[in-house]
There are 2 protein chains.
Amino acid sequence: MAGIRAQQKEKTRRQLIEAALGQLSADRSFSSLSLREVAKEAGLAPTSFYRHFSDMDELGLTLVDEAGLTLRQLMRQARVRIEKGGSVIKISVHTFMEFIESNENIFRLLLRERSGIAPEFRAAVNREIRYFTMELCDYIEKANKLDRDVAYLQANAAVTIVFSAGAEAIDLDKKEREELANRIIEQLRIIARGAQDMQSRRPAVTAE
Amino acid sequence: MAGIRAQQKEKTRRQLIEAALGQLSADRSFSSLSLREVAKEAGLAPTSFYRHFSDMDELGLTLVDEAGLTLRQLMRQARVRIEKGGSVIKISVHTFMEFIESNENIFRLLLRERSGIAPEFRAAVNREIRYFTMELCDYIEKANKLDRDVAYLQANAAVTIVFSAGAEAIDLDKKEREELANRIIEQLRIIARGAQDMQSRRPAVTAE
DNA sequence: ATTTTGAGCGTACAACTGTTCACTATTTTA
DNA sequence: TAAAATAGTGAACAGTTGTACGCTCAAAAT
């Protein structure tokens with residue numbers, strides 16, 4: 001029972017996903033893709049699309065999930081590198097930029113659909129980004145010994161700036177990307193210092 | 001010579017602009033509008049559209065210009081309020097939120113097309129936002145006596161965070177918006193403190 | 001060995017798209 | 001007053017879209 005049939009189905013499903021992902025270029029948003037186009041690119045008749053997804057929306061949500069996986073890969077890799085020592089901020093930004101470079105289209109999707117039309121899409125993207133933020137928040141809370149709410153403010157601001165930079169970076173050449181990365185690093189430092197400062201001016205919480 | 005003809009033409013041109021703006025709701029992006037729909041909404045035959053714009057793109061760029069004007073109004077109003085005294089950050093954020101509330105659709109356009117498809121659109125939106133950033137940079141440089149590059153880092157980070165919050169705010173109810181505004185205010189404070197801190201640790205630049 | 005299932009296909013259709021063209025009616029110009 | 005310019009129209013076009021339907025044929029279940 002190899003499931004030769006289910007296997008084949010999974011394969012063409014992947015073809016549809018890859019086809020859609022492949023069409024997402026600089027001047028093509030997901031919502032501008034048509035079911036027929038994607039099916040054609042995948043080498044399928046338009047009607048066969050329905051054997052795998054009931055909708056373009058359903059395909060889209062699948063892509064967002066895919067992007068979520070990529071995001072977690074990114075986090076894992078950053079964590080590994082950080083453990084080996086060096087500036088946390090620098091490493092994080094560079095890892096992020098690398099990922100954008102090698103996963104352009106999936107990041108395009110993520111960054112565009114964040115402010116896109118379909119509410120379900122936005123929700124899905126925001127879920128992924130929130131997860132990302134929370135991980136960072138935990139890390140900051142422990143590593144820098146900040147109160148949770150201050151850590152959250154810092155994490156949220158950092159993620160906003162990094163993702164926003166990601167959206168910019170996608171359309172830049174290598175040199176411009178480096179400049180951008182340096183700017184982001186400095187901004188993250190400013191935020192980190194500000195958070196430390198805000199924490200230190202707080203009344204200490206003491207046991208009664 | 002009242003120019004009764006040119007007058008009427010300008011009027012229906014406005015109708016087209018308003019029609020397009022009116023269609024930009026939560027679940028409708030500019031690129032999803034069709035020429036025919038817009039013409040219909042404006043009470044025109046599809047073909048009459050061409051008497052005013054050669055393209056939907058041309059209409060779109062006109063809308064972005066419109067949004068730019070709104071943005072400058074916003075800046076002007078914030079400046080007036082700031083002169084009357086009070087927390088600069090608080091006033092700025094609240095003014096921004098007010099504007100979003102009373103110009104929902106035009107902000108939707110601005111925030112969406114920033115990461116949209118058409119390169120010309122993105123360029124136009126980024127031009128407006130850059131202008132906004134530079135104004136803020138000047139202000140910070142003078143008011144807080146920061147070096148220009150530090151002031152720029154702060155201004156850029158602040159604008160990124162505020163606009164990103166704007167995109168979020170559009171879909172929130174009143175109470176949630178207030179919470180968001182408070183979070184933004186705290187984050188801007190963190191950034192301001194961080195910038196001050198970074199400045200104060202710099203080697204002073206002295207005349208030779 | 002026979003029946004059932006289901007992935008993929010081709011045809012067809014109605015809805016919509018942007019754009020062309022020749023036309024009307026009114027204002028503007030000469 | 002006659003001629004030219006032009007905002008707005010309606011019909012028609014070729015193209016694209018999503019989707020319903022019935023079919024095939026190989027795999028799976030009986």
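Convention: sequence-line order gives letters A, B, ...; per-chain numbering from 1. The model shown is predicted, which means the values in this text are computed figures rather than measured ones. Side-chain atoms are counted along with the backbone in the values below, which use heavy atoms only and exclude waters and symmetry mates.
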Which listed nucleotide (D:dG8, C:dG10, D:dT19) is nearest to the side chain of A:Tyr50? D:dT19
From the list D:dG8, C:dG8, D:dC21, which nucleotide is the closest neighbour of the side chain of B:His52? D:dG8
Would you indicate whether A:Glu176, at its atom CD, is surrounded by more than 12 heavy atoms from other residues, nucleotides or ligands within a distance under 6.0 Å? yes
Taking only N/O atoms, report every protein-nucleotides 1-6 of chain D pair under 3.5 Å with atom names and distance.
unit_1 : atom_1 : unit_2 : atom_2 : d
D:dT6  : O2     : B:Arg5 : NH2    : 2.4

Got a sec, which pairs hit salt bridge (charged side-chain N to carboxylate O under 4.0 Å, His left out) with one end in residues 15-25 of chain A, sequence neighbours left out? A:Arg14-A:Glu18
Does the D:dG8 base have a donor-acceptor partner in the side chain of B:Thr12 within less than 3.5 Å? no
Give a yes or no on whether a donor-acceptor pair under 3.5 Å exists between the nucleobase atoms of C:dG8, that is its base, and the side chain of A:Thr47. no
List the atom of B:Ile190, the atom of A:Ala195, and the distance in Å for their closest heavy-atom pair. CG2-N, 3.5 Å
Just the rounded figure in Å: distance from C1' of C:dT26 to CD1 of B:Ile4. 9 Å
Please report, rounded to the nearest Å, how far the P atom of C:dT19 is from the CG atom of B:Asp55. 6 Å
Along DNA chain D (nearest heavy atom to each residue), the more 5'-positioned of A:Ala6 and B:Ser48: B:Ser48
Name every donor-acceptor pair, under 3.5 Å, that has one atom in a side chain of residues 69-76 of chain A and the other anywhere in the protein, sequence neighbours excluded.
unit_1  : atom_1 : unit_2   : atom_2 : d
A:Thr70 : OG1    : A:Glu66  : O      : 3.2
A:Arg72 : NH2    : A:Glu128 : OE1    : 2.9

Could you tabulate the donor-acceptor pairs under 3.5 Å formed by side-chain atoms of residues 105-118 of chain A, not counting sequence neighbours?
unit_1   : atom_1 : unit_2   : atom_2 : d
A:Asn105 : OD1    : A:Arg108 : NE     : 3.4
A:Asn105 : ND2    : A:Leu21  : O      : 3.0
A:Asn105 : ND2    : A:Leu24  : O      : 3.2
A:Arg108 : NH2    : A:Glu104 : OE1    : 2.7
A:Arg112 : NE     : B:Ser115 : O      : 2.8
A:Arg112 : NH2    : A:Ala26  : O      : 2.8

Residue pairs passing the ring pair (Phe, Tyr, Trp, His ring centres under 6.0 Å) test where at least one lies in residues 10-44 of chain B, sequence neighbours excluded: B:Phe30-B:Phe121
Name all residues meeting the salt bridge (Lys or Arg N to Asp or Glu O under 4.0 Å) criterion together with A:Lys142; count only those two or more places apart in sequence or in a different chain, and write none if there are none. none
For A:Glu37, which residues count as a salt bridge (Lys or Arg N to Asp or Glu O under 4.0 Å) partner, sequence neighbours excluded? A:Arg28
Table please: side-chain donor-acceptor pairs of residues 155-166 of chain B below 3.5 Å, with sequence neighbours left out.
unit_1   : atom_1 : unit_2   : atom_2 : d
B:Asn156 : OD1    : A:Arg183 : NH2    : 3.2
B:Asn156 : OD1    : A:Gln187 : NE2    : 3.1
B:Asn156 : ND2    : B:Tyr152 : OH     : 3.4
B:Thr160 : OG1    : B:Asn156 : O      : 2.8

Please list, one pair per line, the donor and acceptor atoms closer than 3.5 Å that link side chains of residues 44-55 of chain A to other protein atoms, with sequence neighbours excluded.
unit_1  : atom_1 : unit_2  : atom_2 : d
A:His52 : NE2    : A:Thr12 : OG1    : 3.1
A:Ser54 : OG     : A:Glu58 : OE1    : 2.8

Using the test salt bridge (Lys or Arg N to Asp or Glu O under 4.0 Å), find all partners of B:Glu178 that sit at least two apart in sequence or belong to another chain. none
Sub-4.0 Å heavy-atom contacts from residues 33-46 of chain B onto DNA chain C, ordered by number: B:Ser34, B:Leu35, B:Arg36, B:Glu37
To the nearest Å, how far apart are B:Leu59 CG and C:dG18 P? 12 Å
At a heavy-atom distance below 4.0 Å, what parts of residues 17-24 of chain B sit against DNA chain D? none
Tell me the interatomic distance from B:Met56, atom CE, to C:dT19, atom P, rounded to whole angstroms. 11 Å
Could you tell me the separation between the CD atom of B:Gln15 and the C1' atom of D:dG8, rounded to a whole number of Å? 12 Å
